[in-house]
Every structure is written in C-alpha cells, then in structure tokens.
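Below you'll find the structure, written out as structure tokens, and then a few comments.
These figures come from a predicted structure and were not determined experimentally.
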Amino acid sequence: MKKTIKRILCIALVAALVMSFAGCAKINYITNGTIKAINEVKSGDWKNGGAEAGAEDEGSSEDKIVIDELTPGTYGGIEFNSLDDVAKFYKEAYDYTKSLTAEYIDDQGNTQTFYKLLGDEKMNIGAVIIDGSENAIVNKLVPTIVDSLFKPNTYGLPPCYNRNPDLDHNHDDEHKKADHEFQTTEFAAEDILAANVVENSDGTITLTIQPKAAEMSTRGDDSQGKFFEVLGDISGVVGDIKQVSFTEGTATDNVKVTYKGGTGVITVDPKTKEITAATYTMETEVKVNHASIAVLKDKSATLTISYVNTYPATDEYLKSSKGITRK
C-alpha cells in the first residue's frame with residue numbers, strides 16, 4: 001500500500017478521535033502527507049448524536065483459518081499435495097505473469113510499456129472503535145473522509161511499487177533496509193496459513209491462499225508483505241502529527257497494525273502458468289493507544305480496513321483512474 005494511503009488512514013484515525021468526543025464539531029485540517037492543523041474543537045459546536053453500541057469485542061489474536069483447506073489431488077494436470085506445491089506453483093505463475101508486458105496509450109497520446117496484467121484498488125473502512133465503543137456519527141463520517149482523499153490507482157500484481165516493470169522496486173528509506181524487487185515473488189510455503197485449489201470448467205485452476213498473520217508488516221518482508229500491499233510502519237507518520245501526543249510512551253509504542261484473515265483468489269491457466277484473474281483482499285486492524293489531541297486525553301482508536309485489488313482492471317477504470325488505454 002502506497003505512502004499516500006498510509007497518510008490518509010492516519011488522518012482518518014485522528015479525525016475519528018476528535019469526532020468521537022465532539023460529534024459533528026468543526027474540524028479544519030490540511031494534508032500534505034500529514035495533518036498540518038486540527039484548529040478548533042469548541043464546546044459550542046459539539047453536536048453529540050451518535051448512539052454508542054457498547055463495548056466491542058476486539059477479537060482474538062489467534063490466526064484463524066477462514067478458507068477451505070487443501071484437498072490433495074491433481075488439478076488442471078498438476079499435482080497439489082502440500083502447501084509447498086501451492087507456493088511453488090503460485091511463484092511460477094506470479095513470476096511468469098509479471099514478465100509479461102503490454103503497450104498502453106497515456107493521456108498525452110504517448111505509447112508506454114506497463115505490466116500486461118494491471119488491477120484496480122478499493123479501500124473499505126469498517127467499524128471505528130473509540131475506547132471500546134462504536135459511535136454512529138464516527139462510523140458514517142470516517143469512511144467519507146477516506147473516500148474524499150483516496151485516489152484509486154493501478155499497479156501490477158501485489159506487492160507492487162509501479163505499473164512500469166522497470167520501476168517496480170522499493171526504496172525503503174523509512175526502514176533503511178535493502179531495496180526489494182517485485183518483478184518476482186519471494187512468497188513461500190512457510191508464509192501460508194491455508195490454501196486450496198479447484199479446477200474450473202474452462203480448464204483454468206483457481207488457488208485460494210490465506211497468508212499467515214503479521215504485525216507492522218512491510219512490503220516484501222514477511223508473510224503479509226510478500227502477498228499484499230501493506231501499510232508498513234505507520235508509527236512515524238502518526239508521530240509526525242504535531243497535534244497528537246501520548247500519555248504513555250511514543251508513537252512507536254502505541255501504534256499497532258495487525259494483518260490477519262486476508263486472502264488471495266488467483267485464477268491461472270495451468271498450460272501457460274499465466275494468471276488470468278485475481279482478487280487480493282487484505283484485512284487490517286490499525287490501533288492507536290494513549291493518544292491525546294487538544295482536550296482529549298488518553299484515548300484509543302481502532303480502525304478496520306479491507307483493501308482489495310482486483311485483476312484485470314477494466315478499460316473504464318484504467319481510463320478514469322490514470323488516463324491510460326490498452327493499445
């Protein structure tokens with residue numbers, strides 16, 4: 001997941017904290033990657049109207065299997081007897097598909113070479129929990145904030161840094177780690193919690209894969225980061241918001257991102273190993289503890305996110321999101 005999305009989610013979390021206390025209070029903010037100002041939370045402006053849903057169960061930390069498990073057998077002429085077989089085939093299909101390019105016409109009329117298989121992206125915000133409770137106003141307004149800021153883009157199979165294969169690598173200045181190249185995948189059997197395979201009537205096969213859970217995942221580094229477009233460490237972005245302080249510890253101590261329960265559904269032509277369609281659904285929980293903003297002291301906020309990449313993107317999506325058309 002790109003840096004812009006990371007910043008949008010931080011804005012949403014901070015806005016949720018303020019709105020939980022002020023209802024529809026006046027909130028002014030300007031964003032250029034981080035919040036520059038949340039200027040006013042005035043008592044005369046508060047319009048508390050959200051009905052609390054009561055304490056919410058924030059869920060178990062257990063990494064539960066949410067898909068059917070593998071039934072060993074032959075699918076599309078290929079034997080799948082273990083998760084290792086699934087991982088090896090997925091890598092072959094991923095690497096081959098990302099070796100394929102196609103020509104596109106950009107909005108300036110120039111011919112560009114991008115990945116053949118490009119996808120869309122959608123971000124769905126679930127319930128926002130403030131100090132263990134839901135608020136109807138917050139749950140309505142936070143997705144609106146995110147929708148107004150989120151600008152859909154198009155990329156190759158995740159993880160991916162750019163639709164141009166030559167630029168599909170990660171300059172990870174934030175963590176001072178070596179760059180990752182994403183033309184191929186490092187995803188392996190040890191990253192899989194569960195998987196299954198089915199054979200389709202048209203001769204293709206569909207892999208459904210659930211990667212193991214991870215905390216504070218970074219693109220290319222772990223079970224989630226090798227499979228999805230993850231957020232990376234957002235504590236630095238939250239820590240840069242001048243209006244936010246913490247009653248205990250620092251942003252690094254109090255900002256947590258948990259990934260679990262997400263899946264990828266990948267359809268492959270077994271004869272060519274080309275991925276023809278895929279949907280990657282990443283499930284994420286972002287939590288901030290002990291946060292203080294203006295008159296709000298020692299608050300916690302939890303935001304759940306479903307981030308979905310679907311391949312191939314439609315011609316209409318490519319045109320509307322990036323102004324490109326298939327040649």
**Q.** Tyr259 vs Phe228, ring-ring contact (aromatic ring centres under 6.0 Å, His included): CA-CA, chis, key distance, verdict
**A.** CA-CA 10 Å; Tyr259 302 83; Phe228 294 122; 8.1 Å; no

Q: Show your reasoning for whether side chain to side chain contact (heavy atoms under 4.5 Å, CB included) applies to Val308 and Thr279.
A: CA-CA 7 Å; Val308 183; Thr279 299; 3.8 Å; yes

Q: Show your reasoning for whether side-chain hydrogen bond (donor to acceptor under 3.5 Å, both in side chains) applies to Gln210 and Thr263.
A: CA-CA 5 Å; Gln210 180 183 351; Thr263 60; over 6 Å; no

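Of the N and O atoms on the side chains of His180 and Asp221, at least one donor lies less than 3.5 Å from an acceptor on the other residue. Judged purely by distance below 3.5 Å, without hydrogens or angles, the side chains of Asp106 and Gln112 pair a donor atom with an acceptor atom. No hydrogens or angles considered: nothing links the side chains of Tyr317 and Asp315 as a donor-acceptor pair under 3.5 Å. Looking only at atom types and distance, the side chain of Asp95 has no donor-acceptor partner in the side chain of Thr184 under 3.5 Å away.
For Glu199 (side chain) and Thr204 (main-chain N/O), no donor-acceptor pair under 3.5 Å exists by modelled atom type. Not one N or O on the side chain of Glu274 forms a donor-acceptor pair closer than 3.5 Å with the backbone of Asp269. Asp84 places no side-chain N or O within donor-acceptor distance of the main-chain N or O of Ala189, the cut-off being under 3.5 Å. The backbone N or O of Tyr307 lies less than 3.5 Å from no partner atom in the side chain of Glu121, so there is not a single donor-acceptor pair.
Residues satisfying the side chain to side chain contact (heavy atoms under 4.5 Å, CB included) criterion with Ser99, sequence neighbours excluded, are Tyr96.
A salt bridge is absent between Lys226 and Glu186: the closest approach of a Lys/Arg side-chain nitrogen to an acidic carboxylate oxygen does not fall below 4.0 angstrom. Under 4.0 Å is where a charged nitrogen must lie from a carboxylate oxygen, and between Glu283 and Lys260 no such pair does.
Hydrophobic clustering places Tyr311 together with Ile266 (ILVMFWY residues linked when any side-chain heavy atoms are closer than 4.5 Å, directly or through intermediates). The hydrophobic cluster containing Ile209 also contains Tyr280, counting ILVMFWY residues as joined when their side-chain heavy atoms lie under 4.5 angstrom apart, directly or transitively. Hydrophobic clustering of Ile, Leu, Val, Met, Phe, Trp and Tyr side chains at less than 4.5 Å, counting indirect connections, unites Val286 with Val128. Linking Ile, Leu, Val, Met, Phe, Trp and Tyr residues whenever their side-chain heavy atoms come within less than 4.5 Å leaves Tyr90 and Leu193 in two separate clusters.
Taking the six-membered ring wherever Trp is involved, the centroid distance between the rings of Phe187 and Tyr94 does not fall below 6.0 Å. For Tyr104 and Phe114, the gap between ring centers is short of 6.0 Å.
In this structure the side chain of Lys327 reaches within 4.5 angstrom of the side chain of Thr111, judged on heavy atoms. Within the 4.5 Å cutoff, side-chain heavy atoms of Phe246 are placed close to those of Val288.
Nearest heavy-atom pair, Ile78 versus Pro270, reported as atom, atom and distance to 0.1 Å: CD1-CB, 3.8 Å.
Every pair tested for ring-ring contact (aromatic ring centres under 6.0 Å, His included) that includes a residue from residues 198-221 fails, sequence neighbours excluded, so the list is empty.
Of the options Thr267, Asn196, Thr276, a side chain to side chain donor-acceptor pair (under 3.5 Å) to Thr206 is made by Thr267 and by none of the others. Of the candidates Leu118, Asn110, Ile105, Leu118 is the only one forming a side chain to side chain contact (heavy atoms under 4.5 Å, CB included) with Ile324.
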